[in-house]
Amino acid sequence: MSLPPIDLAVFHENGFIRKQCRITELWFWTADHDRTTCGDTTEDEYTFIGAPLIQGYPMRGKELKDAMRETFLTFFEQREHTRVAPYPVLARWRDDIHLTIASIADFQPHVTSGEVEPPANPLTISQPCIRLTDVDAVGRSGRHLTTFEMMAHHVFNRPEDGKMFYWMEECVRFCHELMTEALGIDPLEITYVENPWCGGGNAGAAVEVIVGGLELATLVFMNLEEHPEGEIELKGDRYREMPLQIIDTGYGLERFCWAAAGTPTIYESIYPESTTWLKDLASFSTITSQWPSLDLDALLGEMSRLNGIMNIEPGVDAEELQNTFLRRLDERGIKVTAEQFSAVTEPLAKIYAIPDHLHALCHMLGDGLVPSNAKAGYLARMLARRTLRLRDELNLDVSLADLARHHIEVNLGSAAMKQTHDGLLGILALEETRYGEMLRKGGNVINTQLKNVPKEATSIPDETLFNMNDSHGLAPDMAVNLAKKAGWNSVSVRTGFAAEMAERHAKLAKQAAQAVEAKPLVDGTLTVPSTQLLFYDDVQQQEFDASVLACLPLVGEDLPEGATHAVVMDKTCFYPEGGGQEGDYGSLSTASSQGRVIDTRKFGDHVLHLTDGPFEKGDLVHGSIDWKRRKQLMDHHTAVHIVGGAARRILGPHIYQAGANKSVEMARLDITHFNRLTREDLDAIEALANEVLGQVQRTEKTELDRKDADKKYGFDLYQGGAPKGSSIRILRIADHDIQACGGTHHDEPGQIGSIRIVRSSAVQDGVERLHIVAGQAALTYAREQDTLLRSMSELYGVPNIELPKTSQRFYNEWKDQRKRIEQLEAEIVRLRTSGGGSDSKEVDGVRIVIMEAHGNLKKMTKMLKELTLDKQNPTLAVLGSKEGGGKLMIAVTENTVAAERYDAVVLLREIAPHINGGGGGRPTLAQGGGSNPDGLDAALDAARAAVGLSN
RNA sequence: GGGCGUUUAGCUCAGUUGGAAGAGUGCUUGGUUUGCAACCAAGAUGUCGUGGGUUCAAAUCCCACAACGUCCA
């Protein structure tokens with residue numbers, strides 16, 4: 001069974017009839033009875049360009065967006081919806097996506113799964129969203145944006161509980177009223193297209209609202225979930241109804257603005273000041289003034305109309321696309337040459353893309369994101385770099401920070417941001433510096449990579465281009481530009497290369513997507529009641545009595561040494577590993593037996609005590625935790641929170657926890673920051689953290705409903721990761737740090753004693769790892785450092801304070817002496833071989849030196865250099881050493897009679913067997929070694945014999 | 001989270017099947033000319049990122065770690 005037709009009274013009342021589109025074959029409702037297409041097809045052109053369909057909005061830009069948004073939200077407020085403030089664009093409450101891609105994303109997964117109540121019901125919202133999938137099309141298509149606001153009205157119905165607010169009929173009626181009454185759109189321009197929606201395991205009927213050829217809104221009625229035995233089939237999958245029935249709508253704010261403005265592209269509607277400013281900076285008027293007869297607005301308008309119906313896929317060949325455009329523009333009476341077309345549209349596309357990219361960038365950084373080369377931070381860097389490239393291609397003489405400053409002034413106004421303006425601009429300045437550095441290095445990269453490519457080549461090998469893009473950040477067209485500057489004058493990017501590269505990246509991504517699921521510790525599922533957690537009531541409790549509900553043999557792979565069984569009890573004060581805090585150790589005992597608890601883990605709602613032996617179901621046990629260990633873990637865990645708060649206060653609002661680990665020896669806290677931390681930074685954080693220890697008497701622990709927690713504290717609560725349940729534990733250390741955290745914490749921070757930040761290291765760009773010791777571990781650390789220093793100072797025989805100076809002196813002396821030794825060794829060789837001593841004989845004009853030396857091959861090399869460098873004195877030198885199993889080196893003076901007569905390699909091969917060895921080299925220099933140093937004399941004798949010398 | 005790249009003189013970088021550590025620039029000194037400069041000659045500067053391994057022999061091959069960079073999800 002598929003979905004039934006959507007047949008609503010609101011359609012009939014307004015004179016709409018149901019028809020099937022002759023192109024897409026989708027069913028749609030229209031008031032225009034002659035209409036044969038659904039409105040969103042290759043034949044439905046935009047009708048609003050130059051002829052706005054929404055009246056009464058003469059303003060542009062931010063003012064227009066503000067007015068349109070207000071109209072929408074007020075409309076729904078007046079119809080019993082509660083206005084909800086927008087969520088951040090960084091989806092910190094989710095672990096599956098980085099960015100908020102739709103208004104419904106605000107409520108996934110906790111609200112849409114039914115676990116948590118929505119903040120209001122029904123509600124209306126205008127949610128800033130960022131989608132980077134179409135980033136290539138932004139500016140070029142006339143309508144694509146990476147950042148937009150999705151206006152919405154959402155309803156979460158629960159018919160089984162008698163909570164049914166409204167469904168299709170009312171929803172479509174609201175929409176129709178908004179369109180026709182509030183915004184004055186002619187009903188003849190509206191089509192409602194039936195097009196079922198599915199994604200992420202859910203599905204439902206959906207209506208696309210097309211106005212003037214542009215999809216303005218989508219109304220989704222999400223009431224199905226994927227299930228193998230479901231009755232309803234959609235696009236190959238089976239679905240069944242679910243208890244929660246959600247209305248998910250999305251109205252594109254910017255598209256409404258466009259329909260109200262009727263500008264040639266969407267960008268002039270929403271970023272008019274920016275496009276004007278950038279056109280001016282890019283001297284765009286000097287381009288157009290070349291052809292005074294060219295009607296720019298007509299051209300752009302036609303292009304937009306064409307863009308709307310020509311589905312431009314990413315990676316489509318630019319030249320082919322241009323030809324299609326020219327042909328179709330010609331059909332419409334717009335005469336433009338290929339040269340004019342690209343001269344006008346190429347810079348314009350860049351000018352349009354810049355404010356869009358800046359908007360996304362300011363939103364992301366404003367939410368506290370730190371640019372990086374990984375994770376969400378990479379998205380910000382990518383946008384920053386794209387913007388910089390666009391700027392450079394347009395030859396704009398303006399910094400990225402200035403672009404952003406202008407954008408904030410004009411398009412964001414006084415909108416609240418988590419990051420400070422100075423912080424944001426500072427980060428962008430840093431990004432620009434890094435981009436410049438990358439470009440500067442690009443020149444060298446080109447020369448290295450193209451070493452084997454002839455200068456007259458017309459293309460660069462694919463592999464090289466891929467490599468330069470992936471490893472060095474040089475996009476193909478940048479690489480080609482640099483290559484041209486470096487002397488490869490005729491290279492160009494081959495047609496279709498960009499598409500191939502995208503395909504290749506997609507393939508790699510697919511391979512990487514295969515996630516590895518951890519194996520469970522025990523087989524099957526536990527049906528016994530969930531474990532009562534005593535440690536939340538009293539973190540100081542060390543002992544308890546409980547009864548064993550189950551005892552299972554351990555089967556997983558990642559098990560601690562000696563653990564054999566998992567014991568489940570009705571209650572426990574053992575803390576299971578979680579939130580970066582390691583599990584508790586300790587013991588369990590009954591009247592007759594005792595077992596060690598080697599680790600504690602979480603398994604659903606149960607706590608597994610990993611023991612070194614079995615217990616019987618029904619046993620009454622006495623549990624006792626290793627308190628010293630627990631106390632240390634608590635010291636570290638609470639310290640991590642305090643240090644995190646201190647770092648935020650010292651470094652700025654962008655500091656966010658990116659991960660943490662607390663063991664007995666030390667704790668690690670990963671924080672997001674745009675620079676490497678100096679020791680001064682660490683000292684300041686450490687000082688503040690210790691100050692907090694003294695100032696805050698008690699920590700405050702509360703348990704709040706998720707909905708209330710979000711409202712009260714915002715999303716910075718979820719530093720430790722997105723929580724699963726509806727009830728949230730909150731640890732509050734005065735106003736210093738407030739976080740959702742399930743770990744065990746001190747009631748009095750003072751119990752920690754002291755906190756030391758040992759050092760910082762880089763986890764990845766944009767994430768710094770702080771190594772922290774607290775409490776007893778801090779003392780242990782101090783003692784270890786002290787011991788280390790003492791042993792050093794005893795070794796040198798100087799006080800601690802002198803150590804750096806002394807080791808510097810030793811290092812310098814070592815270097816000096818090494819150099820001196822080399823000089824002396826050379827001197828020895830000179831002395832031994834000069835003046836025709838017994839080590840040196842002459843045979844037919846060639847000096848023959850055969851002697852035993854000392855030292856390794858490197859030292860003998862120096863000697864040989866002395867001996868054979870002088871062309872005036874042709875020499876054959878054979879040196880042998882007994883070091884390391886015996887070494888032999890032979891050299892002859894190059895380009896002399898000696899080299900003609902003797903081959904070092906041949907001679908070496910002849911004599912090397914005496915020391916059981918081998919070797920090789922060049923005819924003028926050979927070296928080898930063996931394993932029989934005692935044969936050295938025999939080897940040297942053999943050499944003498946070979947050249948005709950004998951004793 | 002995954003992939004890739006880089007690390008050699010103060011700086012920018014070469015370094016071929018493993019076999020004598022290099023260039024350009026900068027630095028020092030001398031010469032020529034002296035308005036900066038330019039030119040000529042000589043010279044100094046190296047833990048070849050760190051730690052292991054293979055080998056007679058490692059900047060070079062293998063492994064681990066670190067730092068830096070980059071692409072993608």
Side-chain angles (χ1 to χ4, degrees), chain A residues 95-99 132-133 372-376 378-379 381-382 385 434-435 437-449 451-452 463-476 478 501-516 658-659 676 759-767 769 811 814-816 818-819 856-869 877 879-891 894 904-905 908-909 912-913 915-933 936 939:
Chain A
D95 45 22
D96 53 341
I97 51 172
H98 293 304
L99 300 171
L132 296 177
T133 43
S372 161
N373 54 17
K375 297 190 179 175
Y378 173 71
L379 303 175
R381 176 158 297 165
M382 186 192 81
R385 297 220 161 153
R434 288 184 170 143
Y435 171 78
E437 186 68 8
M438 188 191 80
L439 278 190
R440 191 185 61 74
K441 289 199 169 156
N444 293 324
V445 170
I446 289 288
N447 280 314
T448 312
Q449 295 274 331
K451 210 165 33 185
N452 298 321
E463 269 314 303
T464 309
L465 272 184
F466 283 131
N467 196 301
M468 285 193 286
N469 182 75
D470 284 9
S471 304
H472 300 102
L474 298 173
M478 283 162 83
M501 192 165 78
E503 206 171 291
R504 186 168 132 147
H505 283 148
K507 216 186 222 165
L508 286 171
K510 216 174 212 175
Q511 282 169 12
Q514 288 156 357
V516 269
R676 293 308 309 264
R759 65 193 175 92
S760 69
S761 57
V763 180
Q764 64 182 39
D765 194 26
V767 179
R769 173 164 295 172
Y811 180 73
W814 167 77
K815 259 168 80 170
D816 289 348
R818 201 182 51 157
K819 213 175 304 161
N856 55 25
L857 283 172
K858 216 154 209 170
K859 282 184 182 163
M860 296 207 295
T861 306
K862 294 262 183 211
M863 298 184 202
L864 282 175
K865 210 171 180 177
E866 269 312 316
L867 287 165
T868 60
L869 217 55
L879 296 184
S881 156
K882 287 184 178 163
E883 192 169 284
K887 309 277 182 218
L888 285 169
M889 270 194 100
I890 303 177
E894 281 180 42
V905 178
L908 181 75
R909 294 253 160 84
I915 55 166
N916 296 343
R922 302 192 310 260
T924 54
L925 179 86
Q927 49 208 290
S931 54
N932 177 27
L936 185 65

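Here is the naming used below: chain letters follow the sequence lines, and residue numbers restart at 1 for every chain.
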Q | Separation of the P atoms in A64(B) and U70(B), to the nearest angstrom | A | 24 Å
Q: Taking only the side-chain heavy atoms of Arg676(A) (C-beta and beyond), determine which of C71(B), U70(B), C68(B) contains the nearest atom.
A: C68(B)
Q.
Heavy atoms from C-beta onward define the side chain here; which of A67(B), U70(B), C4(B) lies closest to that of Ser471(A)?
A. C4(B)
Q: Compare the minimum distances between each of C71(B), U47(B), A20(B) and the side chain of Leu925(A), then state the nucleotide with the smallest one.
A: A20(B)
Q. Using 4.0 Å as the upper bound for N to carboxylate O, is an ion pair formed by Arg504(A) and Glu463(A)?
A. yes
Q) Base, sugar-phosphate, or nothing: which does Tyr435(A) touch, judged by heavy atoms less than 4.0 Å apart? A) nothing
**Q.** Leu474(A) CG - G69(B) P separation (whole Å)
**A.** 15 Å
Q: Look at the side-chain N and O atoms of Arg434(A) and state whether any lies under 4.0 Å from the OP1 or OP2 oxygen of C68(B).
A: no
Q: Looking only at side-chain atoms of Lys375(A), point me to the closest of A73(B), C71(B), C4(B).
A: A73(B)
Q | Sugar-phosphate, base or nothing in reach of Asn373(A), heavy atoms under 4.0 Å | A | base
Q) Under 4.0 Å between a side-chain N/O of Lys815(A) and OP1 or OP2 of U45(B), yes or no? A) no
(Q) Pick the closest RNA chain B nucleotide for Asn469(A) and for Glu437(A) by heavy atoms, then say which residue is nearer the 5' end. (A) Glu437(A)
Q: State which of G5(B), A57(B), A67(B) makes the closest approach to the side chain of Lys887(A).
A: A57(B)
Q.
What contact category does Arg504(A) fall into here, base, sugar-phosphate, or nothing, at under 4.0 angstrom with non-hydrogen atoms?
A. nothing
Q) Atom NZ of Lys441(A) and atom P of C11(B): how far apart are they, to the nearest Å? A) 12 Å
**Q.** Position toward the 5' end of RNA chain B (nearest nucleotide), Tyr811(A) or Asp765(A)
**A.** Tyr811(A)
(Q) What I want to check is whether an N or O donor and acceptor connect the side chain of Asp470(A) with the base of U70(B) at under 3.5 Å. (A) no
Q | Inter-nucleotide C1' distance (G49(B), G69(B)), Å rounded | A | 15 Å
Q. Ala762(A) near the nucleic acid: base, sugar-phosphate alone, or nothing, with a heavy-atom cut-off under 4.0 Å?
A. sugar-phosphate
Q | Minimum-distance nucleotide (side-chain atoms of Gln927(A) versus A20(B), A67(B), G1(B)) | A | A20(B)
